[in-house]
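This report refers to the structure that appears directly beneath it.
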Amino acid sequence: MRILLVEDDAMIGTGLQDCLRADGYATDWERDGERASTALRAGVYDLVLLDLGLPNRDGLSVLRELRGRHDRTPVLIATARDAVGDRIAGLDAGADDYVVKPYDPDELLARIRALLRRSAGHAEPAFEHGNVRIDPQTREASVDGAPVTLTAREWAVLQPLIARPGMIYSRAQLEEKLYSWEEEIASNAVEVYVHGLRKKLGHRFIQTVRGVGYVIPKQGGKAVET
Ligand code: CA
């Protein structure tokens, strides 16, 4: 999952970026409204965490432009405690939710998970596949009932695959979920994490579609040759 963080305060931004990355989200950080608007036109984000008071262009204007082109990317607005009017204006402009600064990191992450779940149309959060069970909310996985711990980066690769079983993701698409633009990507990074996931979740849990990418087959679906 890839998040665009829009925040002009260096201290808050640094803290948030660390917090989001530690939780397994590839996070890009823009510090002004104009750059945020440009970044959003690329259409690669799963969620936007949007400050309203920004240099060059305010957050509301960025949000209105996004919704104006019918882009439904979930937007979580971050506002100051006393700015009730801002929050209302944000929601009216098409934001999905808001958090009040200074926010509790755990609450922020929970709201992000809720929005991502909603946007994926997940009514039932638990994912079960053969002897593997994964709760995307808590990120707890188990195999035959025995708990398995996944790293943040393994989770970043796994999340899109379990969100859409049967859908083949290319290595490049999974790389996108892993890192932000600024970071170096080892050419075999996805293979390394898929290898780790297979060791933990079973050899055939994630299947390779040769020359195309990776897939978790739909339950009852025909297994793809690996
Ligand atoms: Ca600000």
Side-chain angles (χ1 to χ4, degrees), residues 1-120 136-137 139 152-153 155-156 159-160 175-185:
M1 289 283 158
R2 189 162 181 167
I3 293 181
L4 179 66
L5 164 64
V6 188
E7 173 61 65
D8 61 317
D9 184 292
M11 209 165 76
I12 296 175
T14 304
L16 277 174
Q17 189 175 42
D18 290 349
C19 167
L20 293 169
R21 285 186 172 165
D23 216 47
Y25 298 109
T27 307
D28 297 323
W29 175 16
E30 293 297 355
R31 294 154 181 81
D32 77 68
E34 204 52 64
R35 287 181 57 94
S37 166
T38 303
L40 283 169
R41 279 196 283 272
V44 299
Y45 293 102
D46 299 295
L47 184 139
V48 186
L49 182 58
L50 183 66
D51 182 24
L52 292 183
L54 294 165
N56 294 334
R57 184 168 180 182
D58 73 41
L60 271 184
S61 155
V62 174
L63 175 59
R64 287 198 185 100
E65 185 193 75
L66 184 76
R67 295 300 185 235
R69 58 172 184 269
H70 307 291
D71 186 323
R72 297 170 63 86
T73 305
V75 174
L76 180 55
I77 278 185
T79 63
R81 185 169 295 278
D82 52 354
V84 180
D86 277 359
R87 299 204 291 272
I88 294 168
L91 292 169
D92 282 346
D96 299 276
D97 197 2
Y98 64 85
V99 283
V100 175
K101 290 178 177 177
Y103 30 74
D104 176 73
D106 289 335
E107 186 196 344
L108 175 71
L109 293 171
R111 285 182 185 273
I112 286 173
R113 285 195 296 275
L115 284 182
L116 291 174
R117 220 165 38 235
R118 220 186 293 162
S119 79
Q137 217 172 335
R139 299 183 182 186
R153 291 192 171 191
W155 175 254
Q159 192 171 35
E175 270 173 1
E176 285 243 317
K177 307 288 179 185
L178 260 178
Y179 296 112
S180 302
W181 286 333
E182 296 86 359
E183 289 183 54
E184 289 279 331
I185 305 170

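Every number for a ligand or one of its atoms is a count from 1 in the order of the listing.
Using modelled atom types and a 3.5 Å distance limit, the side chains of D28 and Y45 yield a donor-acceptor pair.
Coordination check, D8 versus the Ca ion (ligand 1): passed, since an N/O/S atom of the residue sits under 3.0 Å. Within the 3.0 Å limit, G53 places at least one N, O or S atom next to the Ca ion (ligand 1). D9 lies apart from the Ca ion (ligand 1) in this respect, since none of its N, O or S atoms is found at a distance under 3.0 Å.
Between the Ca ion (ligand 1) and the N, O or S atoms of D51, the shortest distance is to OD2.
Residues that satisfy the side-chain hydrogen bond (donor to acceptor under 3.5 Å, both in side chains) test with D8, not counting sequence neighbours, are absent from this structure.
Atom CZ of R69 has more than 12 neighbouring heavy atoms from other residues, nucleotides or ligands inside a 6.0 Å radius.
Salt bridge status for D96 with R67: present, with a side-chain N to carboxylate O gap under 4.0 Å.
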